[in-house]
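Input: a single structure, listed below in structure tokens.
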Amino acid sequence: MPVAGPADPVRAPSEIAAAIRALTPAQWARLRKVAAHYALGRTMEAKDLLQEAFRRALDGERRCPVVVDVVRFLAEAIRSISDGELKRAKRGPVLVPLSAPGDPATQVPEPADPAPNAEKLREAAEEDAEEDDRRQSQRQQIIGLFDDDPVAQVIVEGLLEGTRGEDLRALTDLDPIAYQSKRRLIRRRIERFLQG
Amino acid sequence: MTGNPNDAREALRRLADALAEDTLNAPDEEVLQDAAEIYGDTDKLAADMLRLFEQTASEQGKARLAAARAAIAAIRRHPSGQARLDPSEMRRRLQQAVAADPETARKLTVAARKGEGLSDEDVYGMLEDFEELGVIPSSDAQDSDK
């Protein structure tokens, strides 16, 4: 994705909103598909990721340089949210009672010991283990989608391992056109699986 | 199959990155064709997505309005303390502040320490600074003590 410099002018939230309202059906379809991709292995669903990306764009939490396409900007927001969602879920919110400015000091209950007790640690470990099992299972399911197509399976396994570009194509012995066609087949099959 | 859970998480992330990049770079026609297979009518998909956006924008607008109302209500409940003081009272408080914190007072000119040659605005600004530094309690707190 293109990298904007810190000095690049940014779109105001109202300009982002106007750009979003002007998206074409193809652009909306792109966003929907990207959200589905980034829901892979996450507890947040695609629509929740989209909604959170809209919210952050509108309240100015994420700044969109004018040189960056709005669809790419939202796609990057979705990616970032799906990243952070995991970390936040593990930490959990810390709620601190606050009195309004100028209000007399109220009796604040002693805050709970932030160090997790054994019970909480055990619960968190169980939840982590469940999540990990789910991800392992999803990874295997995705590879299994291509049991009938060994070449596609090699590509998928390569993508999961982080092999990209020419290195990956070279593993398949496919010419560039056939390789692109295979990549499209892979995308469609995985998207159908995710929609499932 | 690897047994390391971090591997699965990272692997799915790498796959998502590759799929997303392919989708962002694919021609419109291809994206629409594939989306129609998965989601059905793409015009309806676009309309549904726009509705989701408008819903988010509306909820956010309401939240912003509620926050603005709350802020105005808070200001009405707690108007700025210094603004309510008359000039002589402000100067008296400045003298108190200077007396209470000789260390800070040494940084002021003699005239400023006495409050001479200072406009009401200057005095007001200095009192605000002293409040922020915690040298004197806020006017609200002083009022509530009375």
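By convention in this document, chain letters (A, B, ...) are assigned in the order of the sequence lines, proteins followed by strands, and residues within each chain are numbered from 1.
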Of all of A/Leu58, A/Val71, A/Val34, which one pairs up most often with chain B through heavy atoms under 4.5 Å apart?
A/Leu58
Side chain / backbone / both / neither for B/Ala26 at chain A, heavy atoms under 4.5 Å
both
What part of A/Ile190 gets within 4.5 angstrom of chain B, counting heavy atoms only: side chain, backbone, both, or neither?
side chain
If the threshold is 4.0 Å, N to carboxylate O, is there a salt bridge linking A/Arg189 and A/Asp149?
no
Has A/Arg169 got a side-chain atom pairing as donor or acceptor with A/Leu174's backbone, closer than 3.5 angstrom?
yes
Using heavy-atom distances under 4.5 Å, tell me whether B/Ile38 contacts chain A through its side chain, its backbone, both, or neither.
both
Non-hydrogen atoms of chain A under 4.5 Å away: do they reach the side chain of B/Asp17, the backbone, both or neither?
both
Toward chain B, the part of A/Leu194 with a non-hydrogen atom under 4.5 Å:
neither
Chain B shares the most heavy-atom pairs under 4.5 Å, among A/Ile186, A/Asp59, A/Leu50, A/Ile78, with A/Asp59
Pairs of heavy atoms under 4.5 Å with chain B: top-ranked of A/Arg187, A/Arg184, A/Arg192
A/Arg184
For chain B, which candidate among A/Leu159, A/Thr24, A/Leu23, A/Val156 shows the most heavy-atom pairs at distances under 4.5 Å?
A/Leu159
Does any backbone or side-chain atom of B/Glu30 lie under 4.5 Å from a heavy atom of chain A? Answer side chain, backbone, both or neither.
both
Are the charged groups of A/Glu61 and A/Arg55 less than 4.0 angstrom apart, N to O?
yes
Under 4.0 Å between a Lys/Arg side-chain N and an Asp/Glu carboxylate O for B/Glu89 and B/Arg92?
yes
Does a salt bridge link A/Arg139 with A/Glu161, judged by any charged N lying under 4.0 Å from a carboxylate O?
yes
When heavy-atom pairs shorter than 4.5 Å are enumerated against chain A, which of B/Leu45, B/Leu52, B/Asp48 gives the highest number?
B/Leu52
For A/Glu119, I'd like to know if atom CD has over 12 heavy atoms of other residues, nucleotides or ligands within 6.0 Å.
yes
Are the charged groups of A/Glu191 and A/Arg188 less than 4.0 angstrom apart, N to O?
no
Okay, A/Ala36 and chain B: the region with an atom under 4.5 Å from a heavy atom over there is side chain
Using a cut-off of under 4.5 Å for heavy-atom pairs, which of B/Leu15, B/Thr23, B/Thr56, B/Leu32 has the most such pairs with chain A?
B/Thr23
With a 4.0 Å cut-off on N to O distance, would you call A/Glu76 and A/Arg72 a salt bridge?
no
Quick check on A/Arg164 against chain B: is it the side chain, the backbone, both or neither that has a heavy atom closer than 4.5 Å?
side chain
Salt-bridge present (B/Arg13, B/Glu10; N to O < 4.0 Å)
no
Salt-bridge test for A/Arg21 and B/Glu54: reply yes if a basic N is under 4.0 Å from a carboxylate O, no otherwise.
yes
If you count heavy-atom pairs under 4.5 Å with chain B, which of A/Pro25, A/Ala35, A/Ala57 comes out on top?
A/Pro25
In terms of heavy-atom pairs under 4.5 Å with chain B, the winner among A/Gln27, A/Gln180, A/Gln138, A/Gln51 is A/Gln51
